[in-house]
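Accompanying notes for the structure given below.
Atoms within a ligand are numbered from 1 in the order they appear, just like the ligands themselves.
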Amino acid sequence: MNTNMLINGTQVAGTAENFEVLNPANETVLATVASASVEQVNDAIQAAAHAFKTWQFVSDADLQNAFAHIVKDIRQEKDDIARLITLEQGKPFGLAQFEVDAGANWIEYVASLEIPVETIQDPSGKTIQVFNRPLGVVASITPWNWPFMIVIWHLFPALKAKNCIVNKPSEYTPLSTIKLVEIINRHLPKGVCSVVLGKGAVGQALSEHPEVAKVTFTGSTRTGQSILSHSVESLKGVVLELGGNDIGIVLGDVDVDAVAPRIFGSAFLNMGQTCAALKRLYVHESVYDQLTQKLAEIADAQVVGDGLDTTTTFGPIQNRMQYNKVKSLIDDAVAQGGEIITQQGEFTASGYYVRPTLVTHVQAGVALVDEEQFGPVLPIVKFSHIDEAITAANSTCFGLGGSVWSKDIEQAQQIASQLETGTVWINSHADVSPAAPFGGWKLSGLGYSFGLSGLLLFTKKQAIHVTAE
Ligand code: NAD
């Protein structure tokens, strides 16, 4: 298993302290990895700054060609990559294969985007061209939930805009990122894309570096705030994709059998460890009993186990810290009158297993409803009037996403317009699109990812005023 960093096109071992990568299905050590020293982080940035001198002028045709080769290699090595994802992250192998496929498709979409040049005629008749130029060196810091997909979300828009980039993956899940950066380096000049490994201190050294023009970060709000505070001195830009506490509002007119599997899928996607997962469900009283019963049936039918076992439909939580957090939120909800309506399994394996858990008889004020659980437990709250649900939706510091479930699309759109979130889905949730801007309001983020708006955040404008002699 490769545990090297890739700096300036060369594989190197870290020279600072070691850390272990565990398999969340059984807590065995998958790999011992050496962290980057501050000098090695600096080396990666210097290599990126050097590579940028020529990479910024790469032709669109060469860029397209390189992306196409990268996609081809990813597809050819899909099962090896998916196996690495399951081993380090825990998700079932089929979901890991989906992550690899979706990542390859995402790169193709980014490759197809065109960076526009705007031509303006000023009132005097002068022509002004506005170009979107690359920024220089971008730093990328990624989390442990979708370790292959999210790093693709970071790297490819930055590269497409002709920047150079240095990534630091989560210390919990670095292995599939190492593999991706190795593939990328087969097809791009050295120094254009590097990866450094380590914990938060390595991320901090990377994001604070004065030669980094922009930091793109996906992770917790707390870390995002720290990165933002450190960006002040060198006035670097930041894109922050942070935590959320997405509401799903179910109106009384839904076909329960039709929506229940989709609601379950979007709340428990990746064992609930998805930024844009549905994290609190508000259900109209007229369909509450029927929907909770149906959701419980779906939850109880899941086969929880090691993601590499072909019978498994539901894997472990990724790490012990998150496992403890989810367990304590469930215990606290029960202590405050919450009722668990799903089966609770006893697990003999030493992994971080929690069955998909539904908790009723809870309301705002209980931590499970108010905080981001980021795991396999969903609070379900009954409401009588839509105003109660809208007030609950907006009574949070988060503003990532929300959803409305109804046959009446016009009414759903009207409710959507009242939700204080960057994305609202109607009759779905968490199905992000490479074409649509995605970003959180309030403490859920700063800036956008995806689509042309996300791509353009890796550029800066240059206006060229042309006056005839
Ligand atoms: P985290 O903030 O603990 O860690 C994320 C990354 O930041 C890791 O690589 C970590 O090593 C690094 N890091 C830690 N301290 C740092 C520092 N001081 N400076 C620089 N880097 C530092 O987050 P996590 O636990 O890995 O991820 C879970 C969180 O991510 C959840 O809150 C989830 O909602 C959020 N998330 C958001 C999105 C989104 O698009 N909005 C997507 C996925 C996950």
Looking only at distances, can you tell me whether any N or O atom of [X], backbone or side chain, sits closer than 3.5 Å to an N or O atom of ligand 1?
X: Thr221; value: no
X: Leu242; value: yes
X: Thr218; value: no
X: Lys168; value: yes
X: Ser220; value: yes
X: Glu171; value: yes

- Message: Yes or no, since that's all I need: does a protein heavy atom fall within a distance strictly under 4.0 Å of atom 4 (O) of ligand 1?
- Response: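 Neighbour list for atom 4 (O) of ligand 1 is empty of protein heavy atoms (cut-off 4.0 Å).
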
- Message: My understanding is that we take every heavy atom of each candidate and find the minimum distance to atom 35 (C) of ligand 1. Doing that for Gly445, Cys275, Gly422, Gly219, which one comes out nearest?
- Response: Gly219

- Query: Quick one: which of Val432, Asn319, Thr223 has a heavy atom closest to atom 22 (C) of ligand 1?
  - Reply: Thr223

Could a heavy atom of [X] be found less than 4.0 Å from some atom of ligand 1?
X: Ala201; value: no
X: Gly440; value: no
X: Tyr172; value: no
X: Trp153; value: no

Where does the angle between the aromatic ring planes of [X] and [Y] fall among parallel (under 30°), tilted (30 to 60°) and perpendicular (over 60°)?
X: Phe156; Y: Phe67; result: perpendicular
X: Trp425; Y: Phe438; result: tilted
X: Phe314; Y: Phe264; result: tilted

- Query: Is there a donor in the side chain of Ser194 and an acceptor in the side chain of Asn167, or the other way round, less than 3.5 Å apart?
  - Reply: no

- Task: Please determine, by modelled atom types, if Thr218 and Trp153 share a side-chain donor-acceptor pair under 3.5 angstrom.
- Result: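 Per modelled atom types, Thr218 and Trp153 side chains form no pair under 3.5 Å.
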
- Query: Name the one of Lys279, Arg222, Lys325 that satisfies salt bridge (Lys or Arg N to Asp or Glu O under 4.0 Å) with Glu372?
  - Reply: Lys279

- Item | Shortest non-hydrogen separation from Leu30 to Leu87 and the atoms involved | CD1-O, 3.2 Å

- Query: Of the protein's non-hydrogen atoms, which lies at the shortest distance from atom 32 (O) of ligand 1, and what is that distance?
  - Reply: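 Checked against all protein heavy atoms, atom 32 (O) of ligand 1 sits closest to Glu372 OE1, 2.8 Å.
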
